[in-house]
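First comes the structure, then the notes that go with it.
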Amino acid sequence: AQVPVNVTVTGAAGQIGYALLFRIASGQLLGADTPVKLRLLEIPQAVKAAEGTAMELDDCAFPLLQGIDIFDNPGQAFEGSNVALLVGARPRTKGMERGDLLEANGGIFKPQGEAINAGAADDIRVLVVGNPANTNALIAQAHAPDVPTERFTAMTRLDHNRALSQLAKKLGVSINEIKKLTIWGNHSATQYPDIFHAEVNGTTGAKAVGDQAWLENDFIPTVAKRGAAIIEARGASSAASAANAAIDHVYDWVNGTPEGDWTSAAIPSDGSYGVPEGLISSFPVVSRNGRWEIVQGLDIDEFSRGRIDASVQELSEERDAVKKLGLI
Ligand code: NAX
């Protein structure tokens with residue numbers, strides 16, 4: 001029998017956790033032939049709720065699920081972990097300044113990085129979902145010096161999927177007819193969804209749309225502010241779609257992206273496209289042999305350049321702020 005893959009999920013009792021765990025256990029994260037063991041991390045007050053979710057997981061009798069362990073300390077939760085989905089984070093509450101938010105998340109992602117460094121398996125892959133995702137990933141990475149830096153990533157796949165859906169609607173085409181869309185920069189309101197390199201039935205996304213005003217005043221803000229629109233409509237933040245994007249990200253990382261297409265993920269910059277080295281920024285990426293690679297050689301016009309630079313500037317500022325706080 002195949003050795004099960006250890007998947008650690010933090011914030012397991014939260015709403016994304018609830019949408020995510022059943023899909024992992026059913027085989028959608030890694031593939032229908034890969035058995036998994038779940039290691040759930042929660043804060044002590046939420047352990048009981050995580051136990052409730054574990055009872056439901058049991059009740060699904062998933063053939064691929066070979067065990068569930070629940071922890072309230074990161075040291076144990078990341079022991080032997082092959083895939084870590086860092087979902088639990090400290091949300092911004094009323095009156096909280098950015099510095100307070102970064103500091104509170106430093107208190108979560110620093111010990112988790114240390115625990116990953118100390119106990120995770122050699123092939124550990126980390127996806128940070130909890131916000132501010134890019135910078136939380138940077139903090140965790142800084143405290144895991146023995147883990148290759150490229151193993152720390154942050155999620156912009158939900159933004160990517162949102163952009164695909166908006167563009168498909170606008171053009172009246174199916175999702176399958178759109179390739180090579182890109183989210184650049186930070187998973188925040190400054191993110192830049194780029195359709196200039198997107199391919200739609202033999203032309204570019206931008207040409208197919210042919211409407212710069214729609215691009216600037218409708219498409220980009222709709223994608224960037226979709227999270228707020230979901231909260232407004234649903235009375236709760238995106239959960240199933242966020243879980244779905246996390247599944248997509250890890251599945252592609254492990255199994256590869258399809259030929260002739262790319263996706264978006266926030267990965268450590270190697271300096272490509274003028275993004276300062278080391279920043280965890282979203283790029284057009286393919287996955288080959290279990291590694292993300294930045295798609296090279298794209299022409300970036302002036303409009304795109306300005307948008308990318310603005311989002312990357314925000315990432316640089318977040319990095320400076322966590323440096324100042326001694327978190328990296
Ligand atoms: P919830 O508040 O429902 O759940 C968060 C869970 O994390 C809670 O159960 C809490 O007890 C747990 N937690 C807090 N600190 C922890 C710690 N130190 N260790 C382990 N668990 C801890 O939030 P949910 O809706 O599930 O969202 C989780 C995170 O995802 C938030 O930070 C949210 O901002 C972020 N999102 C990121 C998205 C992305 O595209 N990157 C989109 C969706 C989502 O907004």
Side-chain angles (χ1 to χ4, degrees), residues 8-21 38-54 69-78 81 84-93 96 101-116 126-137 139-140 143 153-163 183 185-191 193 223-232 234-250 263-267 280-282 315:
T8 299
V9 179
T10 77
Q15 39 149 17
I16 295 175
Y18 194 75
L20 184 57
L21 292 170
L38 286 170
R39 303 179 76 77
L40 311 184
L41 178 64
E42 259 297 349
I43 54 175
Q45 309 88 284
V47 161
K48 185 148 183 246
E51 285 168 356
T53 305
D69 290 295
I70 303 172
F71 305 98
D72 64 4
N73 96 63
Q76 290 172 306
F78 294 104
S81 183
L85 302 172
L86 309 189
V87 179
R90 175 70 165 78
R92 189 191 288 257
T93 40
M96 211 176 184
L101 180 74
L102 294 172
E103 190 148 34
N105 279 293
I108 296 174
F109 288 87
K110 178 174 182 251
Q112 291 184 1
E114 289 166 350
I116 287 167
V126 181
L127 170 62
V128 177
V129 175
N131 282 319
N134 303 54
T135 297
N136 287 341
I139 294 170
H143 297 281
T153 66
M155 190 165 95
T156 53
R157 185 63 170 264
L158 178 54
D159 308 302
H160 181 94
N161 288 343
R162 285 167 171 168
I183 304 292
N186 199 2
H187 168 68
S188 76
T190 67
Q191 66 175 267
V223 173
K225 295 179 190 161
R226 185 71 166 178
I230 300 285
I231 293 173
E232 176 67 25
R234 206 174 82 87
S237 57
S238 315
S241 55
N244 178 69
I247 297 274
D248 285 350
H249 177 115
V250 173
T263 186
S264 305
I267 69 171
I280 297 182
S281 182
S282 190
L315 283 174

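Indexing begins at 1, ligand by ligand and atom by atom, following the structure's order.
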Exercise. Is there side-chain contact between N105 and P132, with heavy atoms separated by less than 4.5 Å?
Worked result: yes

Problem set entry | Side chain proximity check, I70 to V47, heavy atoms < 4.5 angstrom | yes

For this session: Report yes if the side chains of T135 and F109 come closer than 4.5 Å at any heavy-atom pair, otherwise no.
Result: no

Problem set entry | Validation row: L41, Q112 side chains within 4.5 angstrom (heavy atoms) | yes

Exercise. Who's touching ligand 1 if we go heavy atoms under 4.0 Å?
Worked result: G11, A13, G14, Q15, I16, L41, E42, I43, A46, V87, G88, A89, I108, Q112, V129, G130, N131, M155, L158, H187, S237, S238, A242

For this session: Indicate yes or no: at least one non-hydrogen side-chain atom of T53 is less than 4.5 angstrom from one of L40.
Result: no

Seminar exercise, completed: Closest non-hydrogen atoms of S238 and L158, given as atom of the first, atom of the second and distance, are CB-CD2, 4.3 Å

